[in-house]
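Note that the structure is predicted; figures quoted are calculated from it, not measured. Each ligand, and each atom within it, is numbered from 1 in the order the structure gives.
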Amino acid sequence: LIGSGGREHAIAEALSRSPAGGELVIAPGNPGTAALGRNVPVSLADVAAIAALAEAEAADLVVVGPEAPLALGLADELAARGIACFGPSRAAAALESSKAFAKATMASLGVPTADYRVCTDFDEAAAFVRAAPWPRVVKASGLASGKGVVLPDSADEAVGALHAMMRGGRLGDAAREVVVEERLEGEELSLMAFCDGSRLALMPGARDHKRLLDGDRGPNTGGMGAYAPACTTELAAEYARLTMEPLVDSMRARGTPFVGVLYAGLIVTPSGPKVLEYNCRFGDPEAQAVLALFAGDLAATMAACAAGDLRKAPPSWKTGAAACVVMAGDGYPERPVGGAVLSGLEPLADGRASVARVLHANTRLEGGRLVSGGGRVLSVVAAGDKLPEAVAAA
Ligand code: AMP
Ligand code: GLY
């Protein structure tokens with residue numbers, strides 16, 4: 001299992017419940033995953049080193065948590081070594097790593113999404129944003145760890161954001177190309193599915209809480225919490241027919257089948273669901289909530305996806321609801337401060353002492369003490385018969 005956040009701790013837990021057993025190696029992992037398997041240090045930017053580690057460990061399956069190593073070609077590197085991988089090739093990961101590619105693919109398939117223009121020239125982008133119907137959204141095309149989307153209040157602010165990205169070097173190469181799109185209104189939904197290259201199996205729809213503070217106040221973040229289910233299975237299936245199935249078919253037809261978790265970030269407008277973005281991996285913190293409802297054999301489902309036939313081990317789900325509440329360090333998201341000593345977590349680690357469990361997202365051991373690493377530090381997860389119970393327990 002590749003990665004080190006709260007999402008990976010949740011995946012590690014679900015994998016370690018697999019009846020087949022086996023050994024779990026987490027690279028690089030965190031102090032929470034150390035209780036579930038063997039952490040091995042590795043740089044997520046060094047896909048050759050990760051592939052070499054998988055080969056040395058004679059891995060039956062590599063599960064990739066974050067997008068960055070996928071965009072760098074980790075799945076391709078593993079395929080070249082004959083190692084099964086749950087996670088898309090670099091070409092299929094472009095659905096997340098290039099918003100320009102995702103938009104062009106949606107346009108060619110008639111998938112509903114915001115009207116947009118892709119710009120590589122600042123003057124053109126600025127002229128477009130001033131002339132276009134208001135309001136607009138400015139997005140870096142490349143990977144920006146959740147910092148690539150600006151929701152400006154005025155055309156001047158939009159031009160300022162474009163200038164910072166295209167002339168000021170904010171976000172580097174990720175913002176060489178930008179997408180300027182229509183700003184949509186509605187409830188958001190994170191729809192995720194296991195994909196085997198030709199089929200998909202939907203997970204319960206989830207919703208993440210984007211703003212820093214209670215009551216939807218404060219700046220946008222990577223996600224301060226999440227809950228599932230956020231819609232009925234019927235609605236999720238209908239939205240997936242519109243926004244996910246055409247993508248899976250098209251990626252297969254291109255010869256770059258999508259294997260792994262396909263994530264459609266939707267906004268439900270009065271004229272129906274529209275795609276805000278695709279991701280090529282589980283959402284964080286959506287995974288923490290959704291996997292709390294997983295009732296199948298995760299290792300078998302992921303291996304079946306990697307082998308191209310999900311029907312061999314389809315996922316199954318518990319009834320009820322799950323919620324995840326993120327605990328972040330001071331200063332998050334602008335100037336995250338770490339180094340706070342964390343105590344009292346042990347009895348909460350496996351849910352024995354409480355109905356809630358604590359997953360590690362950004363912690364480290366320092367001289368035997370657990371300290372926060374800054375940013376999103378812990379994910380507190382609970383399930384219940386009804387959502388309010390799960391939220392109250394978390
Ligand atoms: P993205 O990374 O594209 O999902 O954008 C991050 C967040 O910005 C989304 O979850 C939305 O809250 C918001 N957002 C992105 N695009 C739009 C849009 N076209 N209209 C309204 N809000 C948007
Ligand atoms: N929580 C949103 C994401 O993982 O992209």
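- We find that Asp309 and Lys312 are not joined by a salt bridge, their nearest charged nitrogen and carboxylate oxygen being 4.0 Å or further apart.
- Near Glu286, with a cut-off below 4.0 Å to any heavy atom, the atoms of ligand 2 are 1 (N), 2 (C), 4 (O).
- Distances shorter than 4.0 angstrom occur between a heavy atom of Gly283 and an atom of ligand 2.
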Where do Leu262 and Met192 land on the side chain to side chain contact (heavy atoms under 4.5 Å, CB included) test, with the steps shown first?
CA-CA 6 Å; Leu262 180 63; Met192 301 186 285; over 6 Å; no

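- When only non-hydrogen protein atoms are considered, atom 8 (O) of ligand 1 lies nearest to Val149 CG1, 3.5 Å.
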Quick one: do Asn30 and Ser4 satisfy side chain to side chain donor-acceptor pair (under 3.5 Å)? Show the steps, please.
CA-CA 5 Å; Asn30 65 38; Ser4 64; over 6 Å; no

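- Using a cutoff of 4.0 Å between basic side-chain nitrogens and carboxylate oxygens, Asp115 and Arg183 are not scored as salt-bridged.
- For the atom pair Thr363 OG1 and Leu370 CG, the distance stands at 4.5 Å (nearest 0.5 Å).
- Atom 23 (C) of ligand 1 has its closest protein heavy atom at Leu151 CD2, 3.8 Å.
- Taking 4.0 Å as the cut-off between side-chain N and carboxylate O, Asp297 and Arg17 do not count as a salt-bridged pair.
- Residue contacts with ligand 1, taken as heavy atom pairs separated by less than 4.0 Å, do not involve Glu185 at all.
- Near Glu181, meaning under 4.0 Å from any of its heavy atoms, are these atoms of ligand 1: 16 (N), 17 (C), 18 (C), 19 (N).
- Minimum interatomic distance between Ser97 and Leu143 (heavy atoms only, all atoms of both residues): CA-CD2, 3.6 Å.
- Distances below 4.0 Å separate heavy atoms of Asp208 from the following atoms of ligand 2: 1 (N), 2 (C).
- Closest protein heavy atom to atom 7 (C) of ligand 1: Lys210 CE, 4.0 Å.
- Tested against Arg117, the residues Glu182, Glu124, Glu181 include a single side-chain hydrogen bond (donor to acceptor under 3.5 Å, both in side chains) partner, Glu124.
- Closest protein heavy atom to atom 9 (C) of ligand 1: Glu188 OE1, 3.6 Å.
- Scanning the protein for heavy atoms near atom 3 (C) of ligand 2, the closest one is Arg281 NH1, 3.6 Å.
- Not close to ligand 1: Lys274, with no non-hydrogen atom less than 4.0 angstrom away.
- No hydrogens or angles considered: nothing links the side chains of Glu177 and Thr120 as a donor-acceptor pair under 3.5 Å.
- In Leu276, the parts holding a heavy atom less than 4.0 Å from any atom of ligand 1 are both the side chain and the backbone.
- With respect to the salt-bridge test (charged N to carboxylate O, under 4.0 angstrom), the residues Arg207 and Glu286 do not qualify.
- The shortest non-hydrogen separation linking Val326 to Gly225 is CG2-N, 3.9 Å.
- Neither the backbone nor the side chain of Phe282 has any atom closer than 4.0 Å to an atom of ligand 2 (non-hydrogen atoms only).
- Every atom of ligand 2 with a heavy atom of Gly222 under 4.0 Å away is listed here by number and element: 1 (N), 2 (C).
- Inspection of the Lys103 and Thr113 side chains reveals an N or O donor paired with an N or O acceptor under 3.5 Å.
- The shortest N/O to N/O separation between Gly223 and ligand 2 does not fall below 3.5 Å.
- The shortest contact between atom 2 (O) of ligand 1 and any protein heavy atom is with Glu277 OE1, 3.2 Å.
- Neither the backbone nor the side chain of Arg7 has any atom closer than 4.0 Å to an atom of ligand 2 (non-hydrogen atoms only).
- Using a cut-off of 4.0 Å between Lys/Arg side-chain N and Asp/Glu carboxylate O, Asp156 and Arg130 are scored as salt-bridged.
- If you look at Arg183 next to ligand 1, the close heavy atoms, those under 4.0 Å, come from the backbone and the side chain alike.
- Considering backbone and side-chain atoms alike, Asn279 places an N or O below 3.5 Å from some N or O of ligand 2.
- Residue-ligand proximity, Tyr263 to ligand 2, at heavy-atom distances under 4.0 Å covers atoms 2 (C), 3 (C).
- Distance from atom 3 (O) of ligand 1 to its nearest protein heavy atom, with residue and atom name: Lys139 NZ, 3.0 Å.
- For atom 20 (N) of ligand 1, the closest non-hydrogen atom of the protein is Leu184 N, 2.8 Å.
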